[in-house]
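Notes to accompany the following structure.
Letters A, B, ... are given to chains in the order of the sequence lines, protein chains preceding strands, and every chain is numbered from 1. Since this is a predicted model, take the numbers as computed values, not measurements.
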2 protein chains.
Amino acid sequence: MKQSTPAAEDYLKTIYGHTEWQPNLITPSVLAARLGIAPSSVTEMVKKLAAAGLLHHVPYGPLMLTPAGLRAATAVVRRHRLIETWLVRDMGFHWDEVHEEAEVLEHSISDRLLDAMDARLGHPAHDPHGDPIPDANGAVAREPAILLAQATAGHSGRVLRISDKDSAILRDLATDSIGPGSALTVVEALTVVEPLTVRLPDGQIRQLSPAAAELIWVSA
Amino acid sequence: MKQSTPAAEDYLKTIYGHTEWQPNLITPSVLAARLGIAPSSVTEMVKKLAAAGLLHHVPYGPLMLTPAGLRAATAVVRRHRLIETWLVRDMGFHWDEVHEEAEVLEHSISDRLLDAMDARLGHPAHDPHGDPIPDANGAVAREPAILLAQATAGHSGRVLRISDKDSAILRDLATDSIGPGSALTVVEALTVVEPLTVRLPDGQIRQLSPAAAELIWVSA
DNA sequence: TAAGGGCTTTCGGCACGCCTAAATCTTGGC
DNA sequence: GCCAAGATTTAGGCGTGCCGAAAGCCCTTA
């Protein structure tokens, strides 16, 4: 199996990411949207990945990682998350600034350097956004979580992860002192007309936009 | 001027590297050999770099960096050498293991991360091989140096730099306790039939192969 | 000074990864 | 049960960066 290119790694990582927190099959058009490329480009790459044994794909059907594809995907995710953790812990980056840098470096660093980072950081289990870091064998320790947007009033829990898709929202949350590990209780659930309201441990009340509530996962 | 690609950066860096220690003009075929690619590929890229104002080139003539090309080249060299320094000082790499990693990362890391490394390392002036690290403005502090292969018997000086081209030789030198900063005196100059002999400060005598003597630069 | 050898360049090709436009397939709604 | 909207795939193209083969230039040597 020939060594994957950065583009192929991005496809696999994105397919993996789609099913990490919600068990949905991904379709070519959704993948294209996530990668910001044309659907026809996806068709081509999918053919190559399927030929390489990394993807199952029946024409006009959804995409599924094979065991080999899953291994390759978790390896990339491991790189990404270790790099993010390193950027925050060692290099003075904020957790809302690391995504783009990791997006590039995940395709560049050697296994040797990755191992050195991992050891230096003490084999961390979670990245700065709370996402679990797969171990060197690809095993992922995932905790049951629910999306804050779907939590009902009265739900109490810790913030397990906050998606790093939108760094503006990450910055707002940071100024609101909400981050991975924060305890909170839902005061008012999200509705079509009302923002979500949560109470922090110190009694403070925060209102969260629907967009923010869609990015935050709390313990069940 | 549009942003350079990794390939273009490699061309500029290599052209710069050719004249850094010996003031020779580089020709397309030499550049091709250094990059490990076909001469015809060099012709193409040279045309692009010349069009971008980074290179002077008259057909069938040698290659010269323009001021803009020199700036671009020193920026890449700065990245390369800071990364090497960081790998050795922070990540536990040996000085003979850093070249390949830096070769890749120099094209990937952001200015933000580069600045963080630079600050963390205390703005180092030299990399692990003794090569000067250009500052953020591209200025390079270079000390007069002569190649050990050309030093005459009796010459005394410090090792200023050891080219990182051949990591096997770097490893041998490390076991011989010869590295940047080492003081040494030439006992017997290199000849066609004799290896070079040097004395270390503790009185120990070392014989160096012609290949090694061609990589080591000492203070004049 | 003319020829030949060594560089350099030109030319046609290829792999990759992307695009748009035009087929083609699938499926939900009537 | 059919049909059209929407998703997917095919077809043809483009830019980048590489290749080998062939043509062209330069210059040394006889």
ask   = Okay, side chain of Arg161(A), backbone of Asp131(A): is any donor-acceptor separation there less than 3.5 Å?
value = no
query = With respect to the phosphate group of dC19(C), does any side-chain polar atom (N or O) of Ser40(A) fall under 4.0 Å of OP1 or OP2?
reply = no
query = So, Glu9(A) versus Ser4(A): side-chain donor-acceptor pair below 3.5 Å or not?
reply = no
query = If you check the Ala7(A) side chain, which of dG17(C), dT20(C), dC19(D) turns out closest?
reply = dG17(C)
Proximity of His99(B) and His80(B) rings by center, below 6.0 Å = yes
ask   = For the pair made of NE2 in His107(B) and C1' in dT16(D), what is the distance, rounded to whole Å?
value = 15 Å
request  = Could you tell me the separation between the CG atom of Leu35(A) and the P atom of dG17(C), rounded to a whole number of Å?
outcome  = 13 Å
query = Counting side-chain heavy atoms from CB outward, which of dC18(C), dT9(D), dT10(C) is closest to Lys47(B)?
reply = dT10(C)
ask   = Just to confirm, is there a sub-4.0 Å distance from OP1 or OP2 of dT10(C) to any side-chain nitrogen or oxygen of Thr43(B)?
value = no
message = Check the phosphate of dG17(D) against Ser41(B), side-chain N and O only, distance under 4.0 Å to OP1 or OP2. Yes or no?
response = no
ask   = Could you go step by step and tell me if Arg171(B) and Glu97(B) meet the salt bridge (Lys or Arg N to Asp or Glu O under 4.0 Å) rule?
value = CA-CA 9 Å; Arg171(B) 272 193 298 281; Glu97(B) 310 176 305; over 6 Å; no
key: Residue closer to the 5' end of DNA chain C, Glu44(B) versus Pro39(A) (nearest nucleotide)   = Glu44(B)
key: Phosphate OP1/OP2 of dG17(D): any Lys48(B) side-chain N/O under 4.0 Å   = yes
key: Value in whole Å for how far the C1' atom of dT9(C) lies from CE of Met45(B)   = 16 Å
ask   = Side-chain N or O of Tyr60(B) less than 4.0 angstrom from OP1 or OP2 on dA23(D)?
value = no
task = Select base, sugar-phosphate, or nothing to describe what Ala38(B) touches, counting heavy atoms under 4.0 Å on all strands.
result = sugar-phosphate
query = Are Ser29(B) and dG6(C) close enough that a side-chain N or O sits under 4.0 Å from OP1 or OP2?
reply = no
